Protein chains: 2
Amino acid sequence: MSDGGNNHETVRVELGARGYDILIGEGVIAAAGAEIAARLPGARAAIVTDENVAARHGAALAESLGAAGIAAATIAVSPGEKSKSFAVLEEVVDAVLAARLERGDVVVALGGGVVGDLAGFVAGIVRRGMRFVQVPTSLLAQVDSSVGGKTGINSPRGKNLVGVFQQPALVLADTGVLDTLPQREFRAGYAEVAKYGLIDRPGFFAWLEENWRDVFSGGSARRHAIAESCRAKAEMVARDEFETGDRALLNLGHTFGHALEAATGYDSARLVHGEGVAIGMALAHRFSSRLGLCSPDDARRVEAHLSAVGLPVSIADIPGALPGAERMLDYIAQDKKVARGALTFILTRGIGQSFVAKDVAASEVLSFLRTAMGEGGGR
Amino acid sequence: MSDGGNNHETVRVELGARGYDILIGEGVIAAAGAEIAARLPGARAAIVTDENVAARHGAALAESLGAAGIAAATIAVSPGEKSKSFAVLEEVVDAVLAARLERGDVVVALGGGVVGDLAGFVAGIVRRGMRFVQVPTSLLAQVDSSVGGKTGINSPRGKNLVGVFQQPALVLADTGVLDTLPQREFRAGYAEVAKYGLIDRPGFFAWLEENWRDVFSGGSARRHAIAESCRAKAEMVARDEFETGDRALLNLGHTFGHALEAATGYDSARLVHGEGVAIGMALAHRFSSRLGLCSPDDARRVEAHLSAVGLPVSIADIPGALPGAERMLDYIAQDKKVARGALTFILTRGIGQSFVAKDVAASEVLSFLRTAMGEGGGR
């Protein structure tokens, strides 16, 4: 819903007693204290953030909490994926306990996906579950990781293998803070925005094709794109909170994408998550077209839009050497979303017509990858 | 309900989609494979246990699983409370991932409270939640910690401060394995059995006063006492899964008890948990009597029964030096069940008439402790 004259939109995640609001708009960080105090009266807070975000937005958030009478400790971790580890988890848990917070108190995650995943996990396990508020500061976190309650850390055996479902009590997506993001990071987050159109919102995808420049430059188009993305994710999460069915659609582009991230050793100089998803979505459409599920025109249309915004769309767009198609298939089969050895993919019948395909034959995938990677034949 | 001619009783924990059965009886470990296969078809397993229990009961459980076609890895940790640490948690998580178990697979806890708490936490966080089965091998675990879904590890800042609520899919309480327990450990577990009578089952308490010798020697009286305890706990858990209200009654004897455990540095040579609870229950009744809430006769009756079975009932029963009453109050105020500085106690109006008392004045507690500890006046 729109709040009319107000400068933010509210999207509700309908999860019964665990339902919550996402407030989206420029400057909502300034309202954080009042919004938290209204929802969690009497709660004290620990702000979990990273050192970069703390320097940029920490003071504004702390000030807003302070003005609402919320005492807050700040816990800053090193920026980057390495902080999603057992060692950092233990440190942050200890810091929250050191602040003597109790079960009714709140952990506030201020940062991107790493901070949100880590802080949410901390909130889920300290005293068997504290309250939790997300203040995402990257586009990726605003449209994806801050909504839906998936939290966790990485294991040497794979990413996000350890964690809990811990729904936040509130998400505050300040669209203004995105102005300070590097262009590449904003673009990577945009891949997840486009994803919602490709899953089941063809009208939204068409709107993005027309208006993506305005989304990049800010203002009401950006707010609309983020709100629409949050609405899409909220509906999916409400239908399937614990990812036992339909929620898997959110993995469109992610099976190929995760394999590419693994194949590049998670080297962000070569590939970041959203770029992997962009290539993955292009591949998922091309693979669907090859299987006769969707028209080649749709696959080309997806590629054209992602390319227009500056995202990579083919494996050849990744700088540096990659392992061969056989090895890529191994990465895909190790993906944790693969149930009991069967290959599960999100495929599509066209723009906005994605579906969960179980039992996709490994031989089909391998043959497609060989083509896509230029082994024994062009695209 | 009783299963008639069968040699086990089934108690149901009514938690909707998360509801589960507790099977209680001699030899139920031999049925583990069939019972798990019936409830979780196709699941593979990791047995988490400690080295002592593994030596005694590991083969029987593994054989039962094998006979039902359930492949199982065994992960054995060091016995004792020290295994409830981040370091051991990380090791066990890694071992479960190394066994390539997935979300639909099951972690089976074979052991006492430490193993159950640790394994349940692991099940709660690997892949954001696997299935979980409890096979408790101590009386304490059978009547208390294996039922209700509280799991976790200790922090240097306190016991059980980190964990999740993770309900098992099944609890198998084999009353036969208790024959191998040291007498002191069985007695300590019995304190929690008596607790259920004292909370709200005066008839059960009276039955225990008559039949406790039979409970100690085994057979149907033991099975009845364990089943009745599980029923009591199951009702409490069904009423208040996440301990926001009535479930706190289960802490009868625990506020004083935890303080005594902390005061003895968790030295099990001096005091084990159940002994702390026995003294704590005696103190809670004496304190209630002093506050004019229950009759001195009831307090004396509680002490008489606990003493009869060989449990300690007063602070003077603990060997070695203890800190003074002031320091004991600090331990009580640090207890994590203390909400926002107010002292919360479980007090009673008589046998089986316990209630949650919030805002108990610290000065009353201190004055009671001074008397109980013989500072400036006898009991």
Side-chain angles (χ1 to χ4, degrees), chain A residues 17-18 42-44 85-105 117 120-130 148-158 160-166 241-244 333-342, chain B residues 17-18 42-44 85-105 117 120-130 148-158 160-166 241-244 333-342:
Chain A
R18 288 187 303 286
R44 291 176 302 144
S85 68
F86 263 104
V88 177
L89 177 73
E90 186 173 359
E91 279 171 34
V92 178
V93 161
D94 189 66
V96 170
L97 289 171
R100 302 198 72 149
L101 297 192
E102 295 171 12
R103 274 178 73 183
D105 293 327
D117 286 0
F121 192 16
V122 169
I125 64 177
V126 170
R127 299 178 187 279
R128 298 198 188 90
M130 298 175 57
K150 278 194 183 183
T151 74
I153 58 174
N154 302 325
S155 147
R157 297 181 190 275
N160 297 316
L161 288 179
V162 187
V164 294
F165 285 92
Q166 176 75 359
E241 183 177 2
F242 298 109
E243 197 176 20
T244 54
Q334 274 171 39
D335 187 286
K336 71 180 190 302
K337 278 135 202 156
V338 176
R340 307 202 169 284
Chain B
R18 287 187 303 286
R44 291 177 302 144
S85 68
F86 262 104
V88 177
L89 177 73
E90 186 174 359
E91 279 171 34
V92 177
V93 161
D94 189 66
V96 171
L97 289 170
R100 301 197 72 149
L101 297 192
E102 295 172 12
R103 274 177 75 184
D105 294 326
D117 285 1
F121 192 16
V122 169
I125 64 176
V126 170
R127 300 178 186 278
R128 298 196 188 93
M130 298 175 57
K150 277 193 183 183
T151 74
I153 58 174
N154 303 324
S155 147
R157 297 181 190 277
N160 297 316
L161 288 180
V162 188
V164 294
F165 284 93
Q166 176 75 0
E241 184 177 2
F242 298 109
E243 197 175 21
T244 54
Q334 274 172 38
D335 187 288
K336 70 179 191 303
K337 279 136 201 155
V338 176
R340 308 201 169 283

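Worth saying up front: this structure is predicted, and the values here are computed from it rather than measured. Every chain is numbered from 1 and lettered A, B, ... according to where its sequence line falls, protein lines coming before strand lines. Computed over heavy atoms, backbone and side chain alike; hydrogens, waters and symmetry mates excluded.
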If the test is side chain to side chain contact (heavy atoms under 4.5 Å, CB included), which one of B:I125, B:D94, B:L97 qualifies with A:L161? B:L97

Taking all atoms of both residues into account, what is the closest heavy-atom pair of A:R128 and B:T151, and its distance? NE-O, 2.9 Å

As an exercise: rank B:V122, B:T244, B:V93, B:I153 by heavy-atom pairs under 4.5 Å with chain A and give me the winner. B:V93

Heavy-atom distances under 4.5 Å only: say whether A:F242 touches chain B with side chain, backbone, both or neither. both

What I'd like to find out is whether the side chain of A:E90 reaches to under 4.5 Å of the side chain of B:E90, using heavy atoms alone. no

Highest number of heavy-atom pairs under 4.5 Å with chain B among A:A98, A:G158, A:P156, A:S155 belongs to A:A98

